[in-house]
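Structure, as structure tokens:
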Amino acid sequence: MNDPVISLRGIDKIYTQGVRAQVLFEVNLDIAAGEFVALVGASGSGKSTMLNMVGLLDTPSAGQVLIAGRDAATLDEDERSRLRREHLGFIFQSHYLLPDFNIMENVFLPCRLRGDPPSGESWTRVEGLIETVGLSEHRHKRPHQLSGGQQQRAAIVRALANQPRLVLADEPTGNLDSQTRDIVFKLMRDLSRRQGQAFLMVTHDASLATEVDRVVTIRDGRIVDENRP
């Protein structure tokens with residue numbers, strides 16, 4: 001396996017507001033470059049908390065989150081934001097496209113936030129991704145003019161715009177019908193292979209979890225199983 005793009009080492013998470021509650025216990029996980037991993041488990045098992053740890057959206061009570069060789073606990077918030085911006089992409093169940101921007105403006109937004117102008121290499125690369133996902137003819141439309149599946153495809157392009165090393169996908173097909181779900185999942189899988197990004201996908205869909213490189217099962221805050229379908 002390639003060197004991991006992210007490593008979790010002995011992660012505990014304890015919430016102390018009101019009643020003390022521990023939701024993650026000694027979680028260890030490595031994700032390699034280009035690997036497509038499904039994270040599965042019942043509601044309340046700790047999936048979302050674990051995804052927040054990987055995405056640097058929350059901090060562990062104990063343990064290390066290592067990304068790009070850096071321990072996230074040693075970084076201030078500006079440095080954590082920079083690490084997220086440069087190394088991570090996010091896809092959610094709801095696409096969160098900005099309604100006043102057209103599709104091209106929406107998907108190029110991560111590059112703009114990085115300081116890239118709407119021209120040059122980044123623009124050309126994002127235009128290529130738009131073509132790859134079949135949205136070229138819709139690039140000047142607003143989100144409300146697209147179907148749910150088309151909007152989610154745009155959200156995938158936005159997640160890949162900055163060429164992240166790891167994409168975090170939180171139930172990315174949960175709001176889609178079965179046919180569109182299959183199309184969107186295949187698109188993510190193909191882009192992962194083509195672009196070389198690792199994916200960590202939270203899903204309740206057992207059929208999708210059989211088509212990934214590795215399935216990680218979490219129960220009561222602990223990783224209890226890992227297998228390769």
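For the single chain, residues carry numbers from 1 onward in sequence order.
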- prompt: Is a salt bridge present between Arg214 and Glu35, judged by a nitrogen-to-oxygen distance below 4.0 Å?
  reply: yes
- prompt: Between Gln151 and Leu146, what is the shortest heavy-atom contact and its length?
  reply: NE2-O, 2.9 Å
message: For Phe185 and Phe36, I'd like to know if the aromatic rings sit close, meaning centre-to-centre distance below 6.0 Å.
response: yes
message: Would Ile218 and Val224 count as a side-chain contact (heavy atoms from CB on, under 4.5 Å) here? Give the steps.
response: CA-CA 6 Å; Ile218 187 169; Val224 296; over 6 Å; no
task: Decide, yes or no, whether a salt bridge links Arg9 with Asp30 under the criterion of side-chain N to carboxylate O below 4.0 Å.
output: yes
Salt bridge (charged side-chain N to carboxylate O under 4.0 Å, His left out) involving Glu131 - partner list, sequence neighbours excluded: none
- prompt: Atom CZ in Arg82, atom CD in Glu79: separation rounded to 0.5 Å?
  reply: 6.0 Å
Output side-chain donor-acceptor pairs under 3.5 Å for residues 39-48, partner residues at least two apart or in another chain, one line each.
from  : atom 1 : to    : atom 2 : distance (Å)
Ser45 : OG     : Ala42 : O      : 2.7
Lys47 : NZ     : Gly41 : O      : 2.9
Lys47 : NZ     : Ala42 : O      : 3.2

query: Residues two or more places apart in sequence or in another chain: which of them pass ring pair (Phe, Tyr, Trp, His ring centres under 6.0 Å) with Tyr96?
result: Phe92
- prompt: Does anything in residues 105-117 pair up under salt bridge (Lys or Arg N to Asp or Glu O under 4.0 Å), and if so which pairs, sequence neighbours excluded?
  reply: Arg114-Asp116
task: Start with the C-alpha distance between Asp190 and Lys186, add both sets of side-chain angles, then the distance that settles salt bridge (charged side-chain N to carboxylate O under 4.0 Å, His left out), and finish with yes or no.
output: CA-CA 6 Å; Asp190 290 347; Lys186 184 178 184 300; 2.8 Å; yes
query: What is the distance from atom OG of Ser7 to atom CG of Leu29, rounded to the nearest 0.5 Å?
result: 8.0 Å
query: Can you name the salt bridge (charged side-chain N to carboxylate O under 4.0 Å, His left out) partners of Lys13, sequence neighbours left out?
result: Asp58
query: What salt bridge (Lys or Arg N to Asp or Glu O under 4.0 Å) pairs are there with at least one residue in residues 138-164, not counting sequence neighbours?
result: Glu127-Arg139
- prompt: CZ of Arg70 to CD1 of Ile67: how many Å apart, nearest 0.5 Å?
  reply: 10.5 Å
